[in-house]
Amino acid sequence: EIRRAELDGAIDATPDINVVKAFTRATMGLCQGRNCQRQIAALASMRHGVPIAELPLSTPRSPARPAALAAIADDSIEDHGLFVVD
């Protein structure tokens with residue numbers, strides 16, 4: 001869902017796919033980069049004159065969503081002094 005013009009601006013700034021990812025959120029869609037990461041690497045390689053093999057690898061991260069505290073808190077757990085806050 002990222003426009004080519006947005007990608008071009010980020011790729012002009014750096015050949016590092018992780019930085020392009022941070023600037024644009026590219027490779028963070030439903031496929032997690034399986035469809036677009038190679039194309040972004042090819043664009044960065046051509047633009048900066050660096051072989052694809054020499055580009056920094058993208059750091060994979062699991063998708064995460066915010067969760068309400070109530071969804072993970074469990075009032076049935078007894079404290080026994082383990083959760084002392086000073």
Side-chain angles (χ1 to χ4, degrees):
E1 297 180 12
I2 296 161
R3 304 249 185 247
R4 172 70 186 264
E6 188 178 355
L7 271 177
D8 285 341
I11 291 171
D12 283 342
T14 180
D16 188 333
I17 296 171
N18 289 306
V19 176
V20 172
K21 180 179 183 176
F23 284 166
T24 65
R25 299 187 54 79
T27 77
M28 296 174 75
L30 291 174
C31 75
Q32 294 294 293
R34 287 186 292 278
N35 294 323
C36 63
Q37 185 169 328
R38 290 183 300 263
Q39 287 81 7
I40 293 169
L43 288 170
S45 172
M46 288 186 302
R47 187 85 35 91
H48 292 277
V50 176
I52 289 178
E54 292 180 17
L55 292 176
L57 296 174
S58 177
T59 305
R61 292 186 175 85
S62 300
R65 293 186 180 153
L69 186 56
I72 57 175
D74 187 352
D75 288 337
S76 68
I77 297 175
E78 295 182 24
D79 183 346
H80 300 295
L82 299 175
F83 304 108
V84 176
V85 178
D86 291 330

Closest approach of [X] to [Y] (non-hydrogen atoms, all atoms of both residues):
{"X": "L55", "Y": "A41", "answer": "CD1-O, 3.4 Å"}
{"X": "P15", "Y": "A44", "answer": "O-CB, 3.8 Å"}
{"X": "I17", "Y": "P56", "answer": "CD1-O, 4.3 Å"}

Does the [X] side chain pair with the main chain of [Y], one donor and one acceptor, at a distance under 3.5 Å?
{"X": "N18", "Y": "T59", "result": "yes"}
{"X": "T27", "Y": "Q32", "result": "no"}
{"X": "H48", "Y": "I11", "result": "yes"}

Checklist entry - Who passes side-chain hydrogen bond (donor to acceptor under 3.5 Å, both in side chains) against R38, sequence neighbours left out? => result none

Item to check | Linked, directly or transitively: L43 and I52 (ILVMFWY side chains, under 4.5 Å) | outcome: no

Checklist entry - Cluster question for you: counting only ILVMFWY and a side-chain heavy-atom cut-off of under 4.5 Å, with indirect links fine, are M46 and V20 together? => result yes

Checklist entry - In Å, rounded to the nearest 0.5 Å, how long is the span from CD1 of I2 to CZ of R25? => result 8.5 Å

Checklist entry - What distance do S58 atom OG and D16 atom CG have between them, rounded to the nearest 0.5 Å? => result 8.5 Å

Checklist entry - For R47, does the CZ atom have more than 12 heavy-atom neighbours from other residues, nucleotides or ligands under 6.0 Å away? => result yes

